Amino acid sequence: MGQGLLQIGLTLCIVIAITPVLGRYIARVFLGERTILDRVMNPIERSVYVISGVRPKDEMTGWQYIRAILYTNLFMGILVYSLIYFQRLLPWNPNGLGVPSWDIVLHTVISFVTNTDQQHYAGETTLSYFSQVAALGFLMFTSAATGLAVGIAFIRGLTGRKLGNFYVDLTRGITRILLPISVIGAIALVLLGVPQTIGETLTITTLEGGTQYIARGPVASFEMIKMLGENGGGFFAANSAHPFENPNGLTNLIETIAMIAIPAAMIYTYGVFAKNIKQAWLLFWMVFIVFVILVWVAAGGELQGNPLVNGTLGIEQPNLEGKEVRFGWAETALWAVMTTATMCGAVNGMHDSLMPQGLFATLFNLFLQIIWGGQGTGTAYLFIYLILTVFLTGLMVGRTPEIFGRKIEKREIVLASLILLIHPIVVLIPSAIALAYPFSLSGISNPSFHGISQVVYEYASASANNGSGLEGLTDNSLWWNLSTSLSILTGRYVPIIAMLLLADSMSRKQTVPQTPGTLKTDSLIFTTVTAGIVLILGVLTFFPVLALGPIAEGFKLASGS
Amino acid sequence: MSFAREASRAIRSSFVLWVIAAVIYPFFMIAVGQIVFPHQANGSLVRDSRGQVLGSTLIGQPFTSDRYFNSRPSTTVYSTANPNKDDNLVLQTGISGASNLAPSNPQLIERIKDEDLNRLQTSGIQPTADLVYTSGSSLDPHITPEAARAQVSRIAKVRQLPPQQLETLITQNTDSRFLGIFGEPGVNVLQLNLALDELKPT
């Protein structure tokens with residue numbers, strides 16, 4: 001037990017250590033200051049701008065920024081849809097895979113273009129190497145960079161700057177942050193055993209005489225951007241539990257750090273933009289503390305193991321169903337909480353077989369969306385809560401709500417409420433519909449309370465743009481492909497549009513001078529109140545579902561039936 | 001700004017980024033992998049003296065006989081199939097995947113009682129978590145050192161080897177934690193059984 005907690009603790013220490021370094025670097029990149037990659041990347045970026053006809057100095061308004069996001073995402077979606085649809089005619093298809101059905105391709109494209117990476121297909125049996133690398137791998141870069149751009153534009157607006165230029169942010173996100181780290185990380189992964197080949201599936205006679213088929217492919221390059229960009233769509237069906245995606249303790253550490261690095265650093269990046277590092281650290285610790293509590297809950301459950309199985313065995317053993325020996329209960333529990341917290345969605349052990357405690361922690365993350373939160377957008381959600389807190393506390397003490405020296409008025413509160421309300425709407429309503437038709441629609445594979453969790457998890461993961469799932473669910477059906485696509489699209493673009501509009505209107509406001517009566521937002525007490533409001537607003541909305549799903553399952557298991 | 005101009009920018013920048021992220025990056029990585037680390041990049045394959053591929057050190061194989069250290073139970077039988085009767089379409093590409101049974105699912109308890117515990121009892125192995133639970137990938141190459149040690153006396157009897165020697169083999173084929181901290185130690189079953197065959201071919 002001590003060894004397991006030590007691994008978790010040390011991993012988190014590394015996260016704390018790299019947060020200010022990476023956070024400052026991201027800020028320098030997007031503030032246009034000098035960085036170490038200037039000599040290599042400046043000419044490349046200049047040619048990108050020339051070819052695409054972008055004038056990097058042009059500032060965009062809120063709506064221009066939004067339209068640029070929507071047009072690029074739409075076009076990228078069409079491009080990738082056609083690449084997958086014609087994979088039979090394209091190169092790098094050594095296993096001769098054909099065309100998947102239209103609804104699964106549509107769901108896959110929507111899911112990857114929005115950084116969700118929910119997968120209703122099995123990678124090795126459905127997609128050619130070209131489709132994986134050149135179609136989905138492409139979206140892994142652009143969707144992550146789009147999220148980053150939104151987060152940065154939001155921070156710019158909030159701190160009184162102009163929003164910037166989407167194409168510049170998109171390009172710099174890829175060339176300065178995602179691509180360089182991916183190249184280094186992917187080389188490390190190949191060195192440690194992750195394959196990078198276009199060779200076909202191997203056929204092998206096992207020592208006992210059976211015939212084994214070993215799927216391979218260009219995994220390492222795909223794996224690294226999958227983790228770094230909070231994408232999470234696996235090359236193989238087993239995702240990062242597959243020994244070719246994640247072969248040992250060190251690759252697991254690299255992938256864990258890659259997964260959380262950018263969402264954690266973005267909070268610090270805000271601090272640099274706002275010239276208020278103190279507030280950045282306060283918010284960082286607020287999120288960190290909730291995160292550690294959730295890891296504790298999940299890890300405790302896995303370590304204690306399944307009481308029913310332990311009763312049969314006659315000894316206390318950790319729950320290793322759906323887990324790999326090389327990771328054990330500790331690394332799997334940490335990963336499960338982190339992948340749902342950061343909206344990555346990759347898994348190194350199966351969430352459907354997690355103990356109810358683990359399921360509680362993962363669902364909790366998907367509901368709140370700010371315990372780190374998605375690439376770029378997570379930090380924006382955090383500030384939406386901050387704005388609401390300013391508004392509520394302002395009402396309580398009878399002061400005009402102000403944040404960063406700007407008044408919060410009706411328009412901002414309407415947009416903030418919309419951002420926070422859209423998530424429960426596109427999670428709970430379709431869940432209710434699916435649960436109302438348990439045989440025709442829901443596709444539940446585990447009976448009783450866990451079945452409710454399966455359905456709600458699928459929509460929460462879709463709407464939060466996470467992408468993990470309780471994979472026992474029979475989700476490759478027309479209903480699931482189309483209804484989750486709708487949740488994904490609404491859960492991605494409505495908040496993004498509202499965030500950018502909010503940032504735009506904040507950036508245009510006159511600053512009001514600070515007086516002794518101004519509410520300080522960078523104090524410990526204000527941060528504590530924010531945490532309280534996050535928990536009350538976020539958790540109360542979803543508490544009935546948590547009670548019906550993991551909490552009820554936990555009680556049932558504890559009662560020994 | 002007109003619609004046409006905005007759309008053309010979106011399309012042109014998408015294409016440029018496609019070339020960078022979807023062509024140059026993976027191609028560069030394939031070149032690095034194949035030139036600098038060909039062994040790992042092709043799947044860490046083990047070959048015998050004649051160059052025949054015996055397996056991958058990273059991918060487990062099914063071992064159920066008494067002559068070998070047994071591996072963990074697997075939902076896909078380690079992506080193996082009978083070439084003449086391939087219901088799961090393993091044949092085409094190889095597969096991975098887990099049971100996805102919830103801890104509260106009665107099927108899980110039934111499976112453990114009927115299949116896993118029965119199997120372990122017949123071979124006289126003290127049950128450990130890794131030997132009754134299926135893995136996440138169904139290709140787990142490892143068992144825990146405890147699970148390996150629990151099989152020593154059986155192997156020693158069948159192969160007529162001193163248990164001491166088997167213990168040494170286990171230690172030699174254990175993949176330890178990174179820096180002694182991260183991950184869990186696991187005994188690589190394929191490598192252990194290959195070493196066993198080398199020691200005493202039966």
Side-chain angles (χ1 to χ4, degrees), chain A residues 7 48 51-53 71-72 75-76 95 124-125 133-134 137-138 141 167 186 190-191 193 195-197 201 204 206 210-216 218 221 236-238 241-243 247 249-250 253 306 308 313 317-318 320-326 328 349-350 352 355 446 450 471-472 553 557, chain B residues 6-7 9-14 16-18 21-22 26 29-30 32-33 37 40-44 53 55-56 58-59 61 65 79-80 83 90 92-94 96-98 100-105 109 112-113 127 129-130 133 135-137 139-142 144 177-178 181-184 186 193:
Chain A
Q7 307 181 21
V48 171
I51 298 173
S52 37
Y71 292 162
T72 47
F75 177 71
M76 288 167 183
N95 294 318
E124 58 265 59
T125 55
V133 168
F138 165 58
F141 276 99
Y167 293 107
V190 180
L191 170 68
Q196 181 75 6
T197 174
T201 297
I204 280 168
T206 66
T211 313
Q212 185 179 39
Y213 300 87
I214 299 182
R216 301 185 291 173
S221 60
F236 302 110
H242 196 294
L250 179 53
L253 181 68
N306 189 335
L308 304 182
L313 296 179
Q317 291 276 305
L320 288 190
E321 183 71 17
K323 292 188 187 58
E324 303 281 300
V325 165
R326 61 191 182 281
M350 294 304 136
D352 223 351
M355 297 303 294
N446 284 305
H450 196 91
E471 291 300 339
E553 190 188 2
L557 272 181
Chain B
E6 288 188 36
R9 265 183 204 175
I11 292 172
R12 282 149 73 186
S13 65
S14 298
V16 186
L17 294 175
W18 184 77
M29 291 314 305
I30 289 173
V32 171
F37 313 109
Q40 292 96 318
N42 288 307
S44 309
V53 178
S56 161
L58 298 177
I59 304 288
Q61 289 189 2
S65 75
S79 183
T80 58
V90 179
Q92 206 178 1
T93 58
S96 60
N100 285 313
L101 291 173
S104 60
N105 193 330
I109 315 299
I112 288 176
K113 274 188 188 156
D130 54 324
Y133 288 121
S135 65
S137 60
L139 305 170
D140 196 344
H142 296 113
T144 56
R177 296 185 168 102
F178 171 62
I181 298 169
F182 298 101
E184 298 295 329
N193 285 331

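Note that this is a predicted model, so its numbers are computed, not measured. Just so it is clear: chains get the letters A, B, ... in the order the sequence lines come, proteins before strands, and each one is counted from 1.
- In this structure, A:Tyr71 and B:Ile11 have side chains that are not in contact, with every pair of non-hydrogen atoms separated by 4.5 Å or more.
- With a 4.5 Å cut-off on side-chain heavy atoms, B:Arg9 and A:Ser52 do not count as touching.
- Side-chain contact check for A:Pro218 versus B:Pro26: every heavy-atom pair is 4.5 Å or farther apart.
- For the pair A:Gln212 and B:Ile59, the minimum side-chain heavy-atom distance is below 4.5 Å.
- Contact tally against chain A (heavy-atom pairs below 4.5 Å) for B:Ala129, B:Ala98, B:Gly186: the top residue is B:Ala129.
- Residues A:Leu191 and B:Gln40 meet the side-chain proximity criterion, which asks for heavy atoms closer than 4.5 Å.
- Of the listed residues (B:Val32, B:Leu139, B:Ile112), the greatest number of heavy-atom pairs within a distance under 4.5 Å of chain A belongs to B:Leu139.
- Interface remark: B:Thr144 contributes backbone and side-chain atoms alike to the contact with chain A (heavy atom separation under 4.5 Å).
- Heavy-atom distances place the side chain of B:Ile109, and not its backbone, under 4.5 Å from chain A.
- A donor-acceptor contact shorter than 3.5 Å links the side chain of B:Ser96 to the backbone of A:Ala238.
- In this structure, a donor-acceptor pair under 3.5 Å is present between the side chains of A:Gln7 and B:Glu184.
- Only the side chain of A:Leu253 comes within less than 4.5 Å of a heavy atom in chain B; its backbone stays farther off.
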